[in-house]
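First up is the structure itself, then whatever we jot down about it.
All values derive from a computational prediction rather than experimental measurement. Naming: A, B, ... by sequence-line order, numbering from 1 per chain.
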2 protein chains.
Amino acid sequence: MMVKRLNDDNDGKTKRATIKDIARETGVSVATVSYILNGKKSISDETKAKVNAAIAQLDYVPDSAARSLSTKDSLLIGIVIPQTEPGSRLMFENPFYSELFSAIEYETRLHGYHLFISGTGVDESYLYLARKRNLDGIIAIGVYPDEFYQEVKKSKIPLVLIDSYCGDNHCHNIRIDDSYGSYLAASYLLNRGHRDIAFFSGQLRNNGVMHKRLEGFEQAMKEQGLPVRKATVFEGNIDLENGCILARRLLDAKLPVTAVLAAADILAIGAMKGLSEAGLRIPDDISIIGFDDLQIIGYLNPGLTTIRQEIALKGKKAVDILVQNIKTPDLTKREEVLPLSVVERDSVKTLSKEAP
Amino acid sequence: MMVKRLNDDNDGKTKRATIKDIARETGVSVATVSYILNGKKSISDETKAKVNAAIAQLDYVPDSAARSLSTKDSLLIGIVIPQTEPGSRLMFENPFYSELFSAIEYETRLHGYHLFISGTGVDESYLYLARKRNLDGIIAIGVYPDEFYQEVKKSKIPLVLIDSYCGDNHCHNIRIDDSYGSYLAASYLLNRGHRDIAFFSGQLRNNGVMHKRLEGFEQAMKEQGLPVRKATVFEGNIDLENGCILARRLLDAKLPVTAVLAAADILAIGAMKGLSEAGLRIPDDISIIGFDDLQIIGYLNPGLTTIRQEIALKGKKAVDILVQNIKTPDLTKREEVLPLSVVERDSVKTLSKEAP
């Protein structure tokens, strides 16, 4: 048997060995080589050995594109991460997204899939991209225009949403009870005697996570007969700089606030900086509670008391359900609401111990 | 002209319109449709209009897999990010990687490519994956076993290295002068009267970034006639927890240290926590300087003085050079060493102003 490496082309690219090359070199049929590669039919050990030797010597690597064309799948999962605006960077400044992304990549790999990641350009539909790339499924984090969900539904590409309250019942959803989370945070402050509480929020959109968190805060306040005045709700983008800016706006407003409920840890970190710069000590002069429990939060000075959500578990659940749906196209709609808890550190002062 | 949407298959997947469907429905040749799609030949406006109408009505989306098989490219760029160990998660706990990744994704998109991201399993070669996926090019961050570089070289897939001192001259390299960076940091401390300085480091590997940073520190100390004793070099993994652990080990060692040079900001953040927990005030009781200038660093309390490297620029340069190399296979080897500077904040105390 004469087996040799295929020569390079002149253009510098290595010529790729195909199943046909292996069949030709070994004198067996293309179908037999394919059976051996896929382990689908029992083939004599002698033939297997011959073919495997040729695979090694010709340095054959299966081509995903060829596979994709015949099987109509790609083993690629797309992940959609919020951008500050279309055409801009992904929101990785917030470690929430990198922690979630890291978990999703890991789980995707364990299931034998790989991740395709792309933000969208200003004039590009993500779904067009998804169809062009034959994505087997999509995980979308956050809230998108209704058009996006409708397009995905039409395409029948399995979709799992993380942190979305998308009204359409056909999507799988992984999320937390955002309203309950800030209810917990507000209750924690109220139980320690705080009555004048400012709420630091990302952009408040209908059905968005931030809006739900505001509702939970309002609910807890209302149960104590306390009003939430518009002037105590401060809205900005969810990043460090805006946390700092909201703190300055709070100080400029000269409200008699004793505590801040920041609806995202990243806002709380920025706020702590803004408050410190103005000479306020945390928690002696003002208390603050966050939301997310980012890894870095425990390393701040002082450590931030916050609402913990299981970020990595969110990623794992999303991948598990997506892969199930890829394998079972008519999978019933799944919804998972993950647990929340208070993580107590050093950023909240007790004003009075009496129950409110 | 009768144009209609293709019906769904029974299996729930939408049947994909192909170029052939468009040709058949419009009565023009497949070649003509292809010319119109690629804008490569001038075709009459009438035919163009007819074909474009069919594209819209049949909801035709080009198939990347089909394109890849004929053109032998995939418009996919692979990104290799360090894992704590093979088969584990990507090192996104360190915002250095998420900031870099975010820049790379953005630049890749601007060039019309997309990102393929995957860590490697324990028994999997990245290169095998790269060839299976027809990756057009690879960006690898950090240092990998020599085998990896040899395999990529053999495959002729364009490769750009970030933060590698890989000896092989055939790779493009984007990095900083790591040794000079910690030389700058050490000089900053020395100029403020510090003589007893501890060095907090990631794992020290030959030709690794951390090893270079140690060399720069030793050089600056040596120039002042100061020895670097082994006992003052503390080595751990590059994460928050290890920063904290190294701080505890330093305190346990009861060395007369007045300052810490942390060879990564993430270590510095952990170290600040470990030192504070032991009751030390920064910078009154002990000074600390970091390395990287992560976005979050300015929001710590106190703000961390550090060595700034242009993380986003590293990503941009890597993508620029990779795309050039994809288009020009014989592109001369490129090396870019990006600038460094000291960013002064509040974590270093001046002991004496005299020049050392």
On a heavy-atom basis, the closest approach of A:Gly298 and B:Lys273 is O-CE, 3.0 Å

Can you find a pair of side-chain heavy atoms, one from A:Arg109 and one from B:Leu90, that are under 4.5 Å apart?
yes

What are the two closest heavy atoms between B:Ser98 and A:Phe92, and how far apart are they?
O-CB, 4.0 Å

Side chain, backbone, both or neither: which part of B:Ile296 has a non-hydrogen atom closer than 4.5 Å to chain A?
both

Using a cut-off of under 4.5 Å on heavy-atom pairs, state which of A:Leu115, A:Ile117, A:Leu240 scores highest against chain B.
A:Leu240

Which bit of B:Ser276 is near chain A, if near means a heavy-atom gap under 4.5 Å: side chain, backbone, both or neither?
side chain

B:Leu76 and A:Arg133: which non-hydrogen atoms are nearest, and at how many Å?
CG-NH1, 3.6 Å

Give, as side chain, backbone, both or neither, the part of A:Leu75 having an atom under 4.5 angstrom from any heavy atom of chain B.
both

Please find the pair of heavy atoms, one from A:Tyr299 and one from B:Cys244, that lie closest to each other, and give the distance.
CE2-CB, 4.2 Å

Is B:Tyr97 in contact with chain A via its backbone, its side chain, both, or neither, using a 4.5 Å heavy-atom distance?
neither

Would you say the side chain of B:Leu129 lies within less than 4.5 Å of the side chain of A:His114, judging by non-hydrogen atoms?
yes

Do the non-hydrogen side-chain atoms of B:Asn301 and A:Leu300 ever get within less than 4.5 Å of each other?
no

